[in-house]
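What you see is a predicted model, and the numbers here were worked out from it, not measured in a lab.
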Amino acid sequence: MRTFGKGFLFLLLLHFFCGWAVGMEVRFKGAATVTGEFFALGDIATLNPSSSELASRMIYRSPAPGKKMTYKTGEIQSYLKQTDDDFAEVVWAGAKTINIIREGIVITPEKIAGIINEYLEKNRQRTQVENIHMEFIPSRQPKTFTLPKGKLSCRVLPADSQLYRSKSFNITFSVDGKVEKNLAVRGNIKATAPVVVAAADIPRGTLLSDSDIQVVTMNLDRLRDPCFFPQQLRGQKVKRNLRQGAVIEKSMVAFPPLVKRGELITVTAKNGGLKVTATGIAKSNGKEGETIRVKNSGSGKEILCKVVGPGMVMVEF
């Protein structure tokens, strides 16, 4: 009896460790939806009795996101039998072919426009224009595409540092931190904002006062470089005759230089989230937006900088 008991126990253990897949039925589905780059047996079939280890066996590469492919179950059976002894005694059943669809994140033209407009809204302060409203209108609708399933993030980069003048935006789409697609979208921004106009006919050489100017909300599309802030114009001399209602652009006014030659000024350099400041000496006078040469006080090197404020310049990359 003892010998029989030991023999029976040995056979039981042998069956458990070496033949545990014997008699298992794998029943293929006629259709399946997957999300990953590869699909597993459990995605396309039911196993009886269930086995998480066998169900997790990867088989083939999935279709591209949003696409469908048809697979022959006979080929899948042969592949599993050749690569894994655990499938030698499996009973196969179910569909002869499987239609597999891979889920994804669908990016439509409306979604793309929404991403750009959300970026514009979040970065309104960068324009330094009060009460500006911006809406991006693509010149040509981009095509719909599908990205892999996962956590989507987007990085938007405008072609022009002055947002409301940008004619193109580059969008980098990432899923779970991995870059999946770069897309350039061209179009125009419909921008409106309060701008300063002449309240009456103004002769050349006039020193502007509050009675000479007023603020009107206008479309910025055809304006070159309008003045947005009345306080900047008070006491400044106009360089040409202006008719009532004419937009007052910066080139029409004799603004004093914000940076004077020989003046010790602040130099700022930005690269992404990194910001570095230093001191320099202006080599010439400079008005807002003009590019001048600045001598670095520490290294003695001269660099080109853009005038951004009184005694302040920014390095141009």
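Looking at Arg140, its side chain never comes within 3.5 Å of a backbone N or O of Arg186 through a donor-acceptor pair. Using modelled atom types, one side-chain atom of Arg102 and one backbone atom of Gly36 make a donor-acceptor pair closer than 3.5 Å. Side chain of Thr73 to main chain of Ala95: a donor-acceptor pair is present (N/O by atom type, distance under 3.5 Å, no hydrogens or angles). A donor-acceptor pair under 3.5 Å links the side-chain atoms of Asn285 to the main chain of Arg261, judged by distance alone. Asn123 places no side-chain N or O within 3.5 Å of a backbone atom of Arg126 that could act as its donor or acceptor partner. Using modelled atom types, one side-chain atom of Asp201 and one backbone atom of Gln244 make a donor-acceptor pair closer than 3.5 Å. With hydrogens and angles disregarded, a donor-acceptor distance shorter than 3.5 Å links the side chain of Ser56 to the backbone of Glu53. Looking at Asn131, its side chain never comes within 3.5 Å of a backbone N or O of Ala193 through a donor-acceptor pair.
For Tyr119 and Phe136, the ring centers are positioned 6.0 Å apart or more.
Considering only heavy atoms from C-beta on, Phe145 comes within 4.5 Å of Ile112 through its side chain.
Among Lys149, Arg61, Lys178, the single residue meeting the salt bridge (charged side-chain N to carboxylate O under 4.0 Å, His left out) criterion with Glu37 is Arg61. Arg124 pairs in a side-chain contact (heavy atoms from CB on, under 4.5 Å) with only one of the listed residues (Met134, Glu130, His133), which is Met134. If you run side-chain contact (heavy atoms from CB on, under 4.5 Å) between Val294 and each of Ile265, Val259, Thr279, only Ile265 comes through.
Under the 4.0 Å criterion applied to side-chain N and carboxylate O atoms, Arg234 and Asp210 are assigned as salt-bridge partners.
Using a 3.5 Å distance cut-off with no hydrogens or angles, the side chains of Thr70 and Asn99 do pair a donor with an acceptor.
Below 30°, between 30° and 60°, or above 60°: for Tyr71 and Phe39 the angle between ring planes is above 60°, a perpendicular geometry.
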